[in-house]
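Here's the structure, in structure tokens; my notes come after.
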Amino acid sequence: MRFYAIAVYLFLYIPIGVIAVFSFNAGRYAAQLQGFSTQWYGKALSNPFVMEALQTSATVAAVSATLATIAGTLAALALQGVTGKPRMIFDALLYIAVMVPGIVIGISTLIALVTLFDWLNPMIAAFWPVAESAPKLQMGKGSLIAAHGMFTMALVVIIVRARVAGMDRSLIEASADLGATPLGTFRQVTLPQIFPAILAGFLLAFTFSFDDFIIAFFVAGSETTLPIYVFSSIRRGVTPEINAIGTMVLTVSLLILVVAQSILQRGRRAQTG
Amino acid sequence: MGAESLTGADKSSIAELRGATKRFGAVVAARDINLSINRGEFLSFLGPSGCGKTTALRMLAGFEAPTEGDIYLDGQRVNDIPAHQRPVNMVFQHYALFPHLTVAENISYGLRQRRPKPPAAEIEAAVNRALETVRLPGFGPRRIWEMSGGQQQRVALARAIINEPKLLLLDEPMAALDKKLRHDMQIELQTLQRKLGITFILVTHDQEEALSMSDRICIMRDGGIVQIGSPRDLYDRPKNRYVADFVGKSNFFEGRVTSVAGDTADLQGAAGISFIGHAGAGIAVGQRAIASLRPEQISLSRGDGGVPVTVVNRIFLGEHTEYLVQNPDLGQFLILASRQAEAGEGNLEPGETGSVSWRDGAALILNND
Ligand SMILES: Nc1ncnc2c1ncn2[C@@H]1O[C@H](COP(=O)(O)OP(=O)(O)O)[C@@H](O)[C@H]1O
Ligand SMILES: [Mg+2]
């Protein structure tokens with residue numbers, strides 16, 4: 001048993017370890033180690049294409065995570081009052097949204113948006129004073145944000161709702177009992193109580209969007225996110241520069257996950273404390 | 001004639017429940033509760049778990065709206081006034097202290113909700129006074145989880161009384177404390193109530209707690225009030241078996257009422273043993289009823305002048321000794337003998353036989369509800 005467990009972990013982590021090791025390779029060939037160097041990190045960070053892709057990824061991740069956090073938190077709070085059968089339906093939809101493969105979300109979002117744009121664009125053009133200069137809706141940052149935001153909202157709802165459910169109802173009543181208005185109670189009791197979950201939800205939504213390749217591949221239009229850049233570069237061969245980018249993305253993602261997890265842990269303690 | 005005479009509310013009462021009924025679907029949590037709470041009194045709701053005590057309290061606080069009937073606070077009908085606008089505060093069963101705030105921030109919470117908001121210095125002074133009152137001076141900057149159970153309870157109390165409510169509602173506030181601490185808190189709470197002059201309503205399932213602290217007790221069963229009275233009233237004149245059983249210990253003997261003269265009745269029990277005593281409400285000749293005899297009203301002796309019994313068990317309680325005895329016709333029952341009464345005779349050991357007797361008039365003849 002022990003042996004199999006070790007084998008599984010090795011199988012999972014050796015490829016990642018190889019990438020990290022080779023990102024510090026002094027030589028230019030991926031196949032042989034030629035001493036330690038951080039030159040590829042410098043190269044990656046001074047490559048304007050990498051920097052532009054990074055900027056796109058960061059913008060999309062920040063905006064989509066913010067929208068998903070706001071909408072997801074409100075949904076989690078609203079779901080508090082839903083019980084019985086409607087609750088089961090909402091729960092099922094939520095878990096399905098998280099479990100649907102990225103490729104399905106990518107394709108369906110693409111089809112939905114293309115259909116919508118095909119329908120809207122002629123209408124916009126018709127109402128625009130000068131038809132030639134009418135704006136055209138198309139795939140790009142907006143569609144990336146929409147697709148990521150929709151998917152990560154489900155994550156935020158699940159995380160925040162767990163926290164809302166674990167919250168002591170009598171705290172809300174105590175606040176009202178002491179004269180706080182419903183809005184005052186929300187601001188002074190509910191929000192501080194669920195804030196760790198909101199923050200953790202935001203961080204997870206951010207990492208998800210930042211790391212996503214599959215959905216982005218379908219809906220990015222002419223935009224290049226960092227994962228898309230990496231993918232297209234790899235077709236020209238794996239360079240140590242790509243390894244360096246991969247290692248950086250991995251490190252940042254892991255850091256954010258660790259932070260999110262510890263926020264949730266600490267929050268759980270404060271809730272029962 | 002003002003609005004108050006239109007509502008017909010009683011001016012001497014601080015709060016009133018009139019025909020208050022609360023249903024949760026098919027469950028009737030509170031059933032036609034009629035109760036007028038006097039200004040400044042210490043009232044308890046006493047009854048087993050699930051009998052509707054908390055529901056009654058929550059209707060006063062404004063967390064539940066009565067399905068039928070009305071709630072009055074200080075002469076005003078408050079059915080439609082939400083909890084945050086009622087001049088009432090509650091100490092919750094598990095305290096419901098805000099874990100993200102310090103002790104001082106918890107206590108000042110009520111004052112900070114007032115509009116206009118009182119000046120910071122005033123709030124701080126009030127918090128310090130409240131901390132003094134509950135004997136926690138200097139604990140303001142602490143976090144809630146740094147406080148023990150008993151201390152948390154004092155914080156909950158301070159958080160409520162700082163608002164000077166017209167009514168302080170306490171939902172089993174002592175349930176989570178150990179026995180010694182509970183006893184101390186009972187005394188403290190009673191002292192505090194006298195000092196502040198605030199009307200206290202306490203919910204408890206602990207009869208000793210209710211008996212020792214309250215001016216009046218409201219005995220509840222299945223959502224309704226069975227009897228309201230002072231602890232002494234309830235002890236001496238319980239309305240039925242349920243109340244006699246709930247307030248203090250008692251022995252019950254079944255039988256048939258053979259005569260009623262004025263407020264005294266005679267009940268013929270098993271083997272023709274007679275019980276004479278005060279007749280409860282609605283006791284009539286010929287009906288089946290029960291005689292209630294308190295353990296301390298029965299005396300046990302070595303001789304054979306009374307009803308013969310065998311001692312089954314004996315528990316030494318210090319000043320008193322409790323005997324469980326057995327009679328073939330009456331079954332098993334309890335006797336509480338004072339040390340003084342036993343002095344001459346010497347203790348009866350389990351297995352020994354003796355006889356018991358009681359004064360005429362010691363029993364209560366009650367309906368067996
Ligand atoms: N929110 C609720 N929904 C459904 N039933 C309830 C609710 N609150 C109380 N009850 C029911 O009403 C009855 C009285 O409850 P409660 O007032 O809490 O009793 P107590 O405080 O005397 O233990 C119980 O049977 C309880 O299950
Ligand atoms: Mg209760």
Side-chain angles (χ1 to χ4, degrees), chain A residues 73 76-77 80-88 159-202 259-260 262-273, chain B residues 25 54 57-58 60-64 81-102 105-115 117-118 130 142-147 152 155-165 167-173:
Chain A
T73 302
L77 288 169
Q80 261 186 112
V82 182
T83 51
K85 201 148 207 161
R87 177 60 178 260
M88 268 162 60
I159 293 170
V160 175
R161 210 190 46 179
R163 175 81 183 179
V164 169
M167 202 172 101
D168 187 357
R169 282 282 314 159
S170 65
L171 293 182
I172 308 278
E173 291 187 342
S175 171
D177 185 66
L178 293 164
T181 59
L183 194 65
T185 298
F186 179 74
R187 201 168 49 74
Q188 298 171 92
V189 178
T190 314
L191 211 50
Q193 281 282 303
I194 64 173
F195 187 73
I198 295 176
L199 192 58
F202 173 84
V259 170
S262 71
I263 289 172
L264 277 178
Q265 286 286 329
R266 184 127 32 99
R268 213 164 291 143
R269 230 173 303 138
Q271 194 170 32
T272 51
Chain B
T54 297
L57 211 61
R58 289 171 61 84
L60 285 166
F63 299 131
E64 310 286 2
I81 295 186
H84 71 272
Q85 289 170 358
R86 294 193 190 183
V88 165
N89 284 115
M90 183 143 162
V91 174
F92 289 79
Q93 190 162 3
H94 301 289
Y95 316 141
L97 296 172
F98 305 120
H100 58 289
L101 301 181
T102 63
E105 286 165 343
N106 264 279
I107 296 176
S108 64
Y109 194 89
L111 294 182
R112 288 188 282 119
Q113 308 310 314
R114 295 203 177 150
R115 296 294 173 272
K117 201 160 148 180
R142 294 264 195 122
R143 309 300 305 198
I144 296 303
W145 62 81
E146 295 169 341
M147 310 290 278
Q152 290 190 13
V155 176
L157 203 57
R159 187 177 70 171
I161 60 172
I162 198 173
N163 307 298
E164 296 171 1
L167 212 54
L168 184 70
L169 310 172
L170 303 116
D171 191 357
E172 311 224 7

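Everything numeric here is computed off the predicted structure, so don't read it as measured data. Chain identifiers are assigned alphabetically (A, B, ...) following the order of the sequence lines, protein sequences preceding nucleic acid strands; residue numbering begins at 1 within each chain. Every heavy atom of this structure was used, including side-chain atoms; hydrogens, water molecules and symmetry mates were not.
In the displayed structure, B:His84 atom NE2 is contacted under 6.0 Å by more than 12 heavy atoms of other residues, nucleotides or ligands. With a 6.0 Å radius and a threshold of 12 heavy atoms from other residues, nucleotides or ligands, B:Gln85 has its CD atom above the threshold.
When only modelled atom types and interatomic distance are considered, B:Ser108 and B:Arg112 share a side-chain donor-acceptor pair under 3.5 Å.
A donor-acceptor pair under 3.5 Å links the side-chain atoms of A:Asp168 to the main chain of A:Ser170, judged by distance alone.
Neither the backbone nor the side chain of B:Arg143 comes within contact range of chain A; no heavy atom of the residue lies under 4.5 Å from a heavy atom of that chain. When heavy atoms are compared at a cutoff of 4.5 Å, B:Asn89 approaches chain A by way of both its backbone and its side chain. Both the backbone and the side chain of B:Phe98 come within contact range of chain A, with heavy atoms under 4.5 Å apart. At a 4.5 Å heavy-atom cutoff, the contact between B:Leu97 and chain A is made by backbone atoms alone. Of the two parts of B:Arg114, neither the backbone nor the side chain holds a non-hydrogen atom closer than 4.5 Å to a non-hydrogen atom of chain A.
Between A:Thr190 and A:Ile172, the closest side-chain pair of non-hydrogen atoms falls below 4.5 Å.
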